[in-house]
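In what follows, every chain begins at residue 1, and chains take the letters A, B, ... in the order their sequences are listed. Worth knowing before you read on, the calculation uses all heavy atoms, side chains too, and leaves out hydrogens, waters and symmetry mates.
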Amino acid sequence: MDDKFLKPYDPQATEPRIFQEWEESGYFNPDRMLEDGLTKPGAKAYSIVLPPPNVTGRLHMGHALMLAVEDVFVRTKRMQGYRTLWIPGTDHAAIATQSVVEKEISKKEGKSRHDLGREELLARIGAFANESHDTIVSQLKVMGASLDWSREAFTLDETRTRAVHTVFKQMYDAGLIYRGNRIVNWDPKGQTTISDDEIVHEERKAKLYTFKYSKDFPISISTTRPETKVGDVAVAVHPDDTRYKEFVGKTFEAVFCEVPISIRVVADKEVDPAFGTGALGVTPAHSQIDWDIADRHDLPRTQVINEYAKMMVEGRLNGKKTSEARDMVVEWLREEGLLEKEEDISQNISLAERTSGVIEPLPKLQWFIDVNKEIPERGKSLKELMLEPVRDGRITILPEHFDKTYFHWIENLRDWCISRQIWYGHRIPVWYRGDEIVVGEVPDGDGWSQDEDTLDTWFSSGLWTFSTLGWPEQTEDFKTYHPTALLETGYDIIFFWVARMILMTGFALNDIPFKTVYLHGLVRDAQGRKMSKSLGNNLDPLEIADKFGADAARMALIVGNTPGTDTRISEDKIKGYKNFANKLWNITRYILTETEGADLSHPLTDSDQAIRAELDALITDVTTDIDEHRIYLAAEKIYHFAWHRLADELIEESKGIFIGNDESAKASRKVLLLSLLSDLLKILHPFMPFVTEEIWKSVRSGDTLLMVEKWPSSAV
RNA sequence: GCGCGGUUAGCUCAGUUGGUAGAGCGCCACAUUGACGUUGUGGAUGUCGCAGGUUCGAAUCCUGCACCGCGCACCA
């Protein structure tokens, strides 16, 4: 027996060494597996793309969970003989990364992006991204992830950029990408547009003011934003509202807080006669609903608020912040005796997810993806393209009830605004020269200028399953590994990412990006709170791995954690699995000590055969569980068998046998124990790869890695 | 407002097609120079949120209700 077993298992000393052996073997790369005959030439492919972490800093426990889950599937499939590929990569995460770097520069140097200029800012962000990338890569390795680093990708690298340009051009040519002047979600803090999905709502107290534009104006209106009323062009009432019928079609002139306005009364079905006064002040330039009303009634659209959330009007309001202007307008209404009512209400305000800036709806010329337009020669829209594969079962979402959430989102989906006024990201591949426009590739000749904006970061993320495989080249990888088998990610990005991948793949390849979507939940602390910087309750995967071992962290994250459900994690739980690693260590120590020189050809007694059959049944069970994505059960079952069957019962029973004088029973028991241990290590390996690999060195017959051993198949 | 999920032991959660309630942690008692610093054995605690229904049989299926959480939309 190896002397190492005389001391307790030491994950800190073991894990980095084991990882190095795996890397040196080259077997994370499926090509090496083929070359060395560990995967058969005709083997079926199994592929996963790693959801690329943002290059904004460090990994957290949510990433650790993602890695643990994906590695379980990947390692299992690899052992089962599949041609298995797990592709790593990172995401440039446009707005997120740029705002982190901008904040830092502003804090340290007091400079804005405009002080630095585009080129210098991009250089700074690039340096930050590189550093962040290296941290992330080392963290991924610490967790034991068996990713094929030879295929690493970055959303902003050359190959991925080519994919982005290709898809952009195809969509433009199909008429799905268009440039239009529409109301967008403007983030005054981040100085950029954002998509509907990048908005978060927060409930705040507000005042609802009821007033008239002027003394002569016949109708009262209500609003929480009186300062926008200088941009009003109409009052809309319900067509059947008898109170206001006589005014419909008439136009009234007024001077509202020094700003001359002209208000037409229009009848529109969208107006709820029961709300407030039943009359709606229409501000087309600063409200989506009002913009649509203006469309229907052919009303002008006067912009009164600029990109800095400041007023742009005649008179003393000009240049004031909207909050200031609001107070001034209310004051003016009071003085003029126009204010009729002031009520406290609570309302949801829209904030930009990344910057917490209050969203200001503004009309702007931006690039959009039309989700409703019929795709030429396909007879369906992008929306339908997103719905179909989930509806007809080509894609399964786990847990299944999330498909309702998915469908609901698509039904409410509006055109996707894809242009951003930030610098870090894929510059929109469109060039202008006078009235000329070129899309997709740099045009020849002088005088061309490229669009200043960049693409929404999720545009490139949407291509991830095939851009990572080298598309648009028809590479061997692309042909072999696409569509991927599984997408494992958090349920919080089902819209951002999962839906966009289905959209992009449906459009560009007329195919699905993956067959199964496994949505994991949030990792919370022991009290059930979200982990956050401000609470200081973050667990750092690196510290956890250092203290308890990555194996322990992986098990703690997997056992009992069903898809779609949030999980609580505490050091106590992780510690329990550190103990389990040590338990395995001691089980091995006992078995190796007692079986030295055992005759492996000795037949099993009937009772030992029955015990062996128990493990076979467990293997069948666990294999099915993993196939059906119930890894939380599989892990628990293996744990239970190892500790409470093998250690507590079988080893205890063996002590009696080895003291006795039934030589045949002794010999049989030795063979049994070794066989149980060996197969147990195999099925536990995907969950706790390090300790099982380390033990394997002392159990194996040749010089093989457990990582590439054949999955026990007595099961089938 | 629309939709989704949860409610099972003190705590955290499993329970895959309906067949006499499970795990981990915690708690209590006992044992222990033991393969085990990280051990074992035994034990207590549940009207499976509430009310109905289907069924020979319901934690599981159906209906309604309550509370908690989440998503989407949002009324100006």
Of A:Glu628 and A:Glu652, whose closest RNA chain B nucleotide lies nearer the 5' terminus?
A:Glu628
Rounded distance in Å - NZ (A:Lys578) to P (B:C36):
17 Å
Is A:Gln347 near enough to B:A76 that one of its side-chain N or O atoms lies under 4.0 angstrom from OP1 or OP2?
yes
With the side chain defined as heavy atoms from C-beta on, A:Asp625 is closest, among B:C72, B:G3, B:U16, to B:U16
Between the side chains of A:Trp409 and A:Asp197, does any donor sit under 3.5 Å from an acceptor?
yes
Go through the steps to decide whether A:Leu680 and A:Leu684 satisfy the test side chain to side chain contact (heavy atoms under 4.5 Å, CB included), and finish with yes or no.
CA-CA 6 Å; A:Leu680 204 53; A:Leu684 185 57; 5.5 Å; no
Contacts under 3.5 angstrom, residues 274-289 of chain A side chains, donor-acceptor by atom type, not counting sequence neighbours:
unit_1   : atom_1 : unit_2   : atom_2 : d
A:Thr277 : OG1    : A:Ser220 : O      : 2.6
A:Thr277 : OG1    : A:Ala279 : N      : 3.3
A:Thr283 : OG1    : A:Lys229 : NZ     : 3.3
A:Thr283 : OG1    : A:Asp232 : OD1    : 2.6
A:His286 : ND1    : A:Pro361 : O      : 3.2
A:His286 : NE2    : A:Val304 : N      : 2.9
A:His286 : NE2    : A:Ile305 : N      : 3.3
A:Ser287 : OG     : A:Ile289 : N      : 3.4
A:Ser287 : OG     : A:Asp290 : N      : 3.2
A:Ser287 : OG     : A:Asp290 : OD1    : 3.4
A:Gln288 : NE2    : A:Asp292 : OD1    : 3.3

Distance in angstrom units between A:Ile574 CD1 and B:U12 P, rounded:
17 Å
Quick one: which of B:C72, B:G37, B:C75 gets closest to the side chain of A:Pro8?
B:G37
Nearest-nucleotide check on RNA chain B, A:Ile587 vs A:Ser287; residue mapping nearer the 5' end is A:Ile587
Pairs where residues 553-584 of chain A contributes a residue and the test ring-ring contact (aromatic ring centres under 6.0 Å, His included) is met, not counting sequence neighbours:
A:Tyr577-A:Tyr639, A:Phe580-A:Tyr639
Any salt bridge between A:Asp621 and A:Lys637, counting N to O under 4.0 Å?
yes
Among all residues two or more places apart in sequence or in another chain, which pass the side-chain contact (heavy atoms from CB on, under 4.5 Å) test with A:Arg243?
A:Asp241, A:Pro273
No-hydrogen, no-angle side-chain donor-acceptor test under 3.5 Å, A:Glu488 and A:His520:
yes
Please pick, from B:A35, B:A76, B:G71, the nucleotide with the shortest atom-to-atom distance to any side-chain atom of A:Ile651.
B:A35
Expected output check: what is the dot-bracket annotation of RNA chain B, where ( ) and [ ] are pairs inside the strand (brackets for crossing ones), | is paired with another strand, and pairs are Watson-Crick or G-U under 3.5 Å?
(((((((..((((.....[..)))).(((((.......))))).....(((((..]....))))))))))))....
Nearest-Å distance once atom C1' is located in both B:G37 and B:U33
13 Å
Test side-chain contact (heavy atoms from CB on, under 4.5 Å) applied to A:Lys250 - qualifying residues, sequence neighbours left out
A:Phe252
Quick one: label A:Lys655 by what it contacts on the DNA or RNA (base, sugar-phosphate, nothing), any heavy atom closer than 4.0 Å.
base
Applying salt bridge (charged side-chain N to carboxylate O under 4.0 Å, His left out) as the test, list every pair that has at least one member in residues 555-567 of chain A; sequence neighbours left out.
A:Arg524-A:Asp566
What nucleotide, of B:A76, B:A35, B:G5, holds the atom closest to the side chain of A:Leu280?
B:A76
Numerically ordered, the residues 641-648 of chain A set in heavy-atom contact under 4.0 Å with RNA chain B is A:Trp643, A:His644, A:Ala647, A:Asp648
Distances under 3.5 Å between nitrogen or oxygen atoms of protein and nucleotides 13-15 of chain B:
unit_1 : atom_1 : unit_2   : atom_2 : d
B:C13  : OP1    : A:Arg568 : NE     : 3.2
B:C13  : O2'    : A:Gly560 : O      : 3.4
B:A14  : OP1    : A:Thr562 : OG1    : 2.8
B:G15  : OP1    : A:Tyr632 : OH     : 3.3

Using side-chain contact (heavy atoms from CB on, under 4.5 Å) as the criterion, list what pairs up with A:Pro239, not counting sequence neighbours.
A:Ala267, A:Lys269
Output yes when A:Asp268 and A:Arg296 qualify as a salt bridge under the 4.0 Å nitrogen-oxygen rule, no when they do not.
yes
Contacting residues from residues 201-214 of chain A, given that a heavy atom lies under 4.0 angstrom of RNA chain B:
A:His201
Salt bridge flag under 4.0 Å for residues A:Lys4 and A:Glu694
yes
Closest listed nucleotide, where the reference is the side chain of A:His640 and the choices are B:A76, B:A35, B:A23:
B:A23
Sidechain N-carboxylate O distance under 4.0 Å for A:Glu653, A:Lys655:
no
Just jot down the side-chain contact (heavy atoms from CB on, under 4.5 Å) partners of A:Thr396, sequence neighbours excluded, or say none.
A:Leu398
Between P on B:G71 and CD1 on A:Ile410, what's the gap in Å once rounded to a whole number?
19 Å
Please, which pairs that meet salt bridge (charged side-chain N to carboxylate O under 4.0 Å, His left out) have at least one residue in residues 552-561 of chain A, sequence neighbours excluded?
A:Asp71-A:Arg554
When all nucleic acid strands are considered with a 4.0 Å heavy-atom cut-off, which category describes A:Lys7: base, sugar-phosphate, or nothing?
nothing
Does a distance-only test, which skips hydrogens and angles, find a donor-acceptor pair under 3.5 Å between the side chain of A:Lys583 and the base of B:C36?
yes
Remember a base hit wins even if backbone is also touched, and classify A:Val271 as base, sugar-phosphate or nothing at under 4.0 Å, heavy atoms.
base
